[in-house]
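Here, residue 1 is the first one in the sequence, and each next residue gets the next number. As the structure lists them, so they are numbered: ligands from 1, and atoms in each ligand from 1. Atoms considered below: every heavy atom in the structure, side chains included; atoms not considered: hydrogens, waters and symmetry mates.
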Amino acid sequence: MNQTLKFSFRNLFLSCVCLLLFACGGNPEIISPDGRTRLSFVTGADGCMAYTVERDGKPLILPSALGLVVQERNLAGGFSVREIVKRSVDETWTQPWGENKILRDCHNEMTAVLKNDDGVLLTLRFRAFDDGVAFRYEWEVPDLDSLTVTDELTEFRFAEDGVSWSIPGNFNTYELLYRELPVSAVENANTPFTFRVDGTYGSIHEAALYDFPEMNLYRTDSLAFKAELAPLPDGIKARIPSKFMTAWRTIQVGDKAVDLINSSLILNLNEPSKIADTSWIKPQKYIGVWWGLHLGTHTWTMGPRHGATTENALRHIDFAAANNIQGVLFEGWNEGWENWGKTQHFDYVKPYADFDLDRIAAYAREKNIELWMHNETGGNIPEYEAALETAMQRYAGLGVHAVKTGYAGGFRDGQLHHSQYGVRHYQRVVETAARYGIVIDAHEPIKDTGIRRTWPNMMTREGARGMEWNGDNNSCCIKTTLARQIANWVIIYSPLQMASDLIENYEGHPAFQFFRDFDADCDWSEALQGEPGEYIVVVRRADDSFFLGAGTNDEPRTLTQKLGFLKSGMTYTATIYADAPDSAENPENYRIEKRTVTSADMLEIAMTARGGQAVTFVPVNE
Ligand code: NOJ
Ligand code: CA
């Protein structure tokens with residue numbers, strides 16, 4: 001099938017374009033509002049479908065196949081175009097939290113309505129934005145209730161080789177090391193698959209993933225990749241209703257690497273919020289009874305070194321209240337940790353006897369601190385789903401608004417984390433939590449496809465290979481400088497930012513002032529400069545204050561940054577948390593400097609190897 005497709009598209013592409021133009025009397029293409037990116041749709045003589053992408057008149061994606069394979073009907077070929085409809089959208093929308101609270105959705109859309117001999121009705125919806133293109137399949141198959149998906153044919157055929165950044169394809173975890181490889185050397189990858197081809201930075205990903213497996217990319221030809229869907233245990237990729245809409249397949253583009261960070265294409269492709277009152281969904285900073293568990297100084301299970309004891313809980317709540325921190329996470333508070341690695345049975349409501357949940361919750365309410373409950377499932381989904389409703393109800397009754405979920409270890413019965421089964425489960429948790437006024441921080445999650453626009457209680461994911469991997473007892477020292485660790489609170493966006501070390505390490509530490517001052521509820525953000533794997537500078541504004549974070553790789557680096565983002569006519573006190581000259585060798589060394597600046601000033605950001613810099617800008621007249 002694939003070989004046939006490749007052959008027919010290579011040879012018939014031009015004649016197909018002509019045929020299609022003739023048949024529809026309209027151009028089956030859309031161009032981005034800025035006129036630079038063109039997406040064209042073509043059907044071949046056999047009714048197979050393909051698309052191409054050009055940027056600035058040059059091919060970026062060559063004719064690449066479209067379609068699904070299901071057991072019941074032909075969803076891959078025999079199609080003829082019934083109608084091409086085009087429209088333009090330019091609207092501004094707001095969200096309760098995010099890198100940017102006000103976003104613009106400006107795109108041109110083309111829907112191609114097709115039908116084939118099997119009576120299959122397909123609406124292919126294409127969109128072209130200035131920051132990329134996207135398409136999705138909307139199927140209607142008559143006389144059937146459901147479809148058994150065995151493959152997706154979507155291809156991405158690069159016109160030229162380039163460099164790429166990605167993690168390997170994997171349907172269970174994203175906690176893998178990033179690789180920088182020529183596009184032609186990538187065998188398989190998860191998305192986002194970031195690339196630079198002929199001066200264009202881009203990223204292949206997906207948006208609005210619901211009730212369908214995630215997409216990985218598998219190389220089929222030197223520069224061609226095909227969508228590979230995470231399978232169910234019987235090898236079937238998905239079971240879907242006969243009327244079904246897939247996730248969007250997306251290709252973001254930009255002139256600079258930071259354009260990809262600043263792109264809002266993924267969010268724009270998601271539906272508006274389904275939660276009417278979002279006033280209870282609040283970005284926050286938090287600490288936790290957590291790192292001691294990983295250091296081995298404390299235990300999840302009850303015993304002499306138990307971390308989640310009443311006494312320790314109250315101590316953490318006091319620390320949070322005294323340091324402008326809004327939440328405290330408790331791991332190892334509930335019964336079941338003794339089953340870890342065995343039955344993976346957890347009780348999601350019963351606290352250990354030395355953790356007085358009612359008293360702790362009352363104390364947290366009194367101190368105006370949010371209590372975070374941890375739900376580690378150990379991959380035991382059936383038991384967690386059975387307990388979910390009762391657990392969320394209990395937490396809501398205690399005044400809890402945040403739950404960190406965890407899925408360490410394999411799912412039961414050969415199910416994969418990123419399969420349709422997994423996607424359904426993660427979504428069920430989000431929607432159940434929403435009904436109880438609870439936000440989710442998912443560990444070992446399904447990747448972000450922008451569903452936070454529709455479900456703003458899906459606040460954060462701990463999916464990538466995080467720094468917990470670097471903190472094991474065998475390592476001699478922290479892997480980056482202290483200033484860089486501070487800068488990461490700005491660089492790595494999350495509305496829920498954790499100070500994850502033991503609180504005694506923060507107590508009285510001058511540099512902890514940054515976290516006290518930091519506001520996780522930003523209104524506006526911009527990635528100002530950067531190159532993948534090399535360096536980055538990001539700025540965020542929260543109310544009238546700005547927070548800047550910069551970081552470098554193994555190279556010491558001095559960057560120059562214009563402060564034009566500050567409000568003109570205002571004077572700010574800049575507090576700079578910078579590397580000390582010897583921070584590369586002594587990563588805990590740092591310096592703090594205060595300066596008065598305006599938007600006309602320039603900041604010189606000197607960083608040692610593995611270093612960084614964080615700056616708060618507070619208006620002087622405050
Ligand atoms: C792995 C997570 O990385 C960590 O945050 C958590 O403490 C453990 N699982 C136990 O749930
Ligand atoms: Ca982890």
> Counting only heavy atoms not in E534, do more than 12 sit closer than 6.0 Å to its CD atom?
Replying inline: yes

> Relative to the ring of F518, is the ring of F514 parallel (under 30°), tilted (30 to 60°) or perpendicular (over 60°)?
Replying inline: parallel

> Under 30°, 30 to 60°, or over 60°: which ring-plane class applies to Y407 and Y426, parallel, tilted or perpendicular?
Replying inline: perpendicular

>> Any nitrogen or oxygen of E444 lying under 3.5 Å from a nitrogen or oxygen in ligand 1? Just yes or no.
In response: no

>> Geometry only, no angles: is W340 polar-contacting ligand 1 at N/O separations under 3.5 Å?
In response: no

> Could D521 and K101 be called an ion pair, given the rule that one side-chain N must be under 4.0 Å from one carboxylate O?
Replying inline: yes

Those atoms of ligand 1 less than 4.0 Å from some heavy atom in [X]:
X    : answer
H374 : 11 (O)
E331 : 5 (O), 6 (C), 7 (O), 10 (C), 11 (O)
E376 : 9 (N), 10 (C), 11 (O)
E468 : 2 (C), 3 (O), 4 (C), 5 (O)

> Given that the side chain starts at C-beta and the backbone is N, CA, C, O, which of these parts of W337 lies under 4.0 Å from ligand 1, counting heavy atoms, or is it both or neither?
Replying inline: side chain

> When you look for heavy atoms under 4.0 Å from ligand 1, do you find them on the side chain of K404, its backbone, both, or neither?
Replying inline: side chain

> For M302, which of W333, Y352, W337 qualifies under side chain to side chain contact (heavy atoms under 4.5 Å, CB included)?
Replying inline: Y352

> Of I204, N190, N188, which meets side chain to side chain contact (heavy atoms under 4.5 Å, CB included) against L217?
Replying inline: I204

